[in-house]
Amino acid sequence: MFSVTISEKGGQQSQYEFAKPQITIGRMKGNDIVLPKGNVSKQHTRIFLREDNFFVVDLKSTNGTYVNGRKVTAEQAVGESDKIYIGDFILQLQRQTGQQPQGSPPQPPPPRPSGPGGAGGPGGGSRPGGGRHFPTVMDAGDRGGGPAPAAGAATQRNPSVGGSGPTGSSPGTPRPGGGGNFPMGQRASSQPGNTPQPGGPPQGQTPAPSPADNLRKTMGEAPGAPAELTPEIEPIEDSPATPIPGASPSAPGPGPQTAPTPTPAPAPNPTPAPAPATGSAPAGRPPAPAPLAGSSSAQPSASTLAQQSPLESEFDEEFHRKQQDVAKIFFESLPISDLPLDYPIEDPALEQRVQSTVTSAVGSAGAGADADDLTDILTKEAVGLGPLEDYLDDPQVEAIYINAFDRIVVRRQGKLVVAANAFSHPDMLDLAARRLLGPQDPMPVSDEVRFGDGTRVHILMPPVAVDGPALTVRKPNQSFPDLDELVEDGAMSEGMAEFLERAVEAGRSIVIAGPVSSGKTTLLAALTQTIPSSSRVIALEQHSNLALEQPNFIRLEASPASGFDMRYLLTNAVAMHPDRILLDQCRGPEAYEWVTAAASGTAGSMVTLHGTGALDALSRFESLCLLAAGDISPRGLREQVARSVNLVVVLNNRPDGGFRVQQIAEVQGVDLDAFRLNDIFYFRVEGSAGAFHPTGYIPLFYEDLRHAGLDVDLGIFRE
């Protein structure tokens, strides 16, 4: 009577044909169409055909049913051009002409070859015409000798989504467009074997099993028996993604995510936009979130656009030429070897001689109006750190990058700018670097110096640094903003801030991920301000930045040179009876110590690490855990990580400076050896700007808070 086309997030499609006027859709067996995802209810939706018109009824599902972005609240008529949103799936209906009348016997399946899974094969009976040719399209009943569909049953044309049991349908062989497909003219054997490869197995080798047979083997069922198929695992990394107009490929899309698995490339079919997990969308248009962060695409991401933006320059070339002229005259009177190496200078007589020599050199060069500025900067170079001193004293400068004697870049309020001043001579930069390193024999090639206020200077010397000493200076934050200030700055929406505050209060363990200098520590500090004062909090840092006024807050700082690394600090922190452990900049085997602690009592702990998306961050976290737990099975370790991490917050740099929250996802566990995630909020790029959006999915712990009698606002999860 009609067919249902289902588009899964990631572009995978399935088609069902029904010879009865009414079907049900849900997560559990017993429905005509099974969508085994966490944001689909057991019995979610009913679709029926009455007087040649389609109608949709929501069966009081948790996350709702939507037609063209509008929530279904009563029996609603839909047309063939309308889109029905159920969890992460988009459904479209179509009436079939010339359908076989209901109750008539099914047509016989196409002829099939003899051999395994064919006529005379395991689980199959003899069929007329067996062995004549391979069918190019196989129906649900034409698999491993399984029964043909009965009257009124669904025929699954492309089973990226699991079929149903009661209607008599059984999964079919995937066709091009989904993972595990076989080329036309070949079919999957029910014999055990290796993972199917594109183009089929080589001659002389045992054909590979189908995805359904692999699943049956895992579940202990015999190959060839009908089974419910889990939807194909969606490739996230290194796979082409369909861009959405006006959206950035770096913006995460809503709904569950799974780790990438090798699958053949899908056919170039048009891919509809993914549906939101729950919630409503603006009237008149269906929700169209951007692809997942970290997915590859031909279009540049927002962070890529930020890196490609032109670098502003304040460099004064004319002043620098005068500075170089004065330096030449200065070195004629006082060679570089006579300048002091101690900093600050301890010989007042030598300092007076340097100042008089600089003044004489400036007068000889005829500097004119720039004489005072030239005298000041040359004196600082001769007895101090030169232009570096000015930028160290500037409170607006957050970081300083000295790439060469005449190339200094500073980060000011989140934006990189070529500095106005530079060193007058390569020897002056070398002298400043040696003063920072202090008297050492031999002089180290690389080292890091830390000032009393927390400023860190990383130094690379020649021959490693080809263009002379390379200095990287990071200044500590004098104060950290709270969540409200981050909302005002555009780093997140009010709904995001309220949700994160509730998550911290509820003791959710949080992973904060993002690229370098994307505000991970800033967000961590903002979240720690919402921790109840009665909690015993221990912060572990490579370099101390966090500072809380809570009476039960303890800071520990690693000292690798003395043998006290982050793993050593974590081991001791666990023995100090903490309620929460904050780990800033996780980069090594200490990840496993944090996982075991978070999973065994320190609920509400937080950790920051590098990552461009939720799945990327969890995969990196798992890899770091392997450094300390290589003897644990990969699945066992993955399950430990999933139990210890409740939420993943992904940050990204903004093109105009600062950072923003790109994605917030809830970790729901492990599904088929992959992390199962549900996006809660995401940032969608819209033209040259963008906006924060909820996906509509309500986190599991919010239900617990509501049942506990707490006043929670569920409106933050709706547009």
Side-chain angles (χ1 to χ4, degrees), residues 1-26 31-35 40 44-59 65-70 72 75-104 106-107 136-142 149-164 167-178 229 231 242 266-275 284-288:
M1 272 189 175
F2 66 94
S3 65
V4 181
T5 301
I6 302 177
S7 302
E8 186 183 358
K9 186 166 85 72
Q12 317 219 359
Q13 292 186 349
S14 302
Q15 186 175 12
Y16 292 84
E17 295 178 359
F18 295 94
K20 58 180 183 178
Q22 178 175 292
I23 62 171
T24 60
I25 303 171
N31 296 284
D32 298 287
I33 297 178
V34 177
L35 304 177
V40 179
H44 200 109
T45 307
R46 182 170 67 248
I47 300 175
F48 58 92
L49 186 63
R50 184 174 64 199
E51 298 179 356
D52 292 334
N53 293 319
F54 288 112
F55 292 88
V56 175
V57 177
D58 183 76
L59 302 178
T65 305
Y66 297 82
V67 174
N68 296 332
R70 294 186 177 183
V72 176
E75 181 180 299
Q76 181 172 336
V78 294
E80 294 185 359
S81 61
D82 293 328
K83 294 183 179 181
I84 305 170
Y85 293 85
I86 299 177
D88 296 317
F89 303 91
I90 306 174
L91 287 69
Q92 285 188 286
L93 310 175
Q94 184 177 7
R95 282 184 292 271
Q96 299 293 330
T97 58
Q99 279 287 340
Q100 177 180 308
Q102 184 174 358
S104 61
Q107 296 295 326
T136 56
V137 178
M138 293 175 287
D139 289 344
D142 185 32
T155 300
Q156 186 178 358
R157 296 294 182 184
N158 187 2
S160 294
V161 183
S164 65
T167 59
S169 64
S170 60
T173 303
R175 297 179 58 195
L229 278 178
T242 303
N269 295 328
T271 304
R285 64 177 178 87

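These values consider heavy atoms only, across backbone and side chains, with no hydrogens, waters or symmetry-generated copies.
Side-chain contact check for Ile84 versus Ile47: some heavy-atom pair is nearer than 4.5 Å.
In this structure, CZ in Phe48 is found 15.5 Å from CZ in Phe18, a value given to the nearest 0.5 Å. Separation of atoms CD1 (Ile25) and OG1 (Thr45) is listed at 5.5 Å; rounding is to 0.5 Å. Atom CG of Leu49 sits about 9.0 Å away from atom CG of Leu93, to the nearest 0.5 Å. With rounding to the nearest 0.5 Å, the separation of OG in Ser7 from CZ in Phe89 is 10.5 Å.
Smallest separation of non-hydrogen atoms from Phe55 and Val78: N-CG2, 4.5 Å. Residues Phe54 and Glu80 approach most closely at CE1-CG, 4.3 Å, considering heavy atoms. Residues Val72 and Gln76 approach most closely at CG2-OE1, 3.7 Å, considering heavy atoms. Residues Ser81 and Gln92 share a closest heavy-atom pair of O-NE2, 3.8 Å. Closest non-hydrogen pair, Gln15 versus Thr5, comes out as CG-OG1, 4.0 Å.
The side-chain contact (heavy atoms from CB on, under 4.5 Å) test with Ile6 singles out one residue from Leu35, Ile86, Ile90, and that residue is Leu35.
The closest donor-acceptor contact from the side chain of Asp58 to the backbone of Thr65 lies under 3.5 Å.
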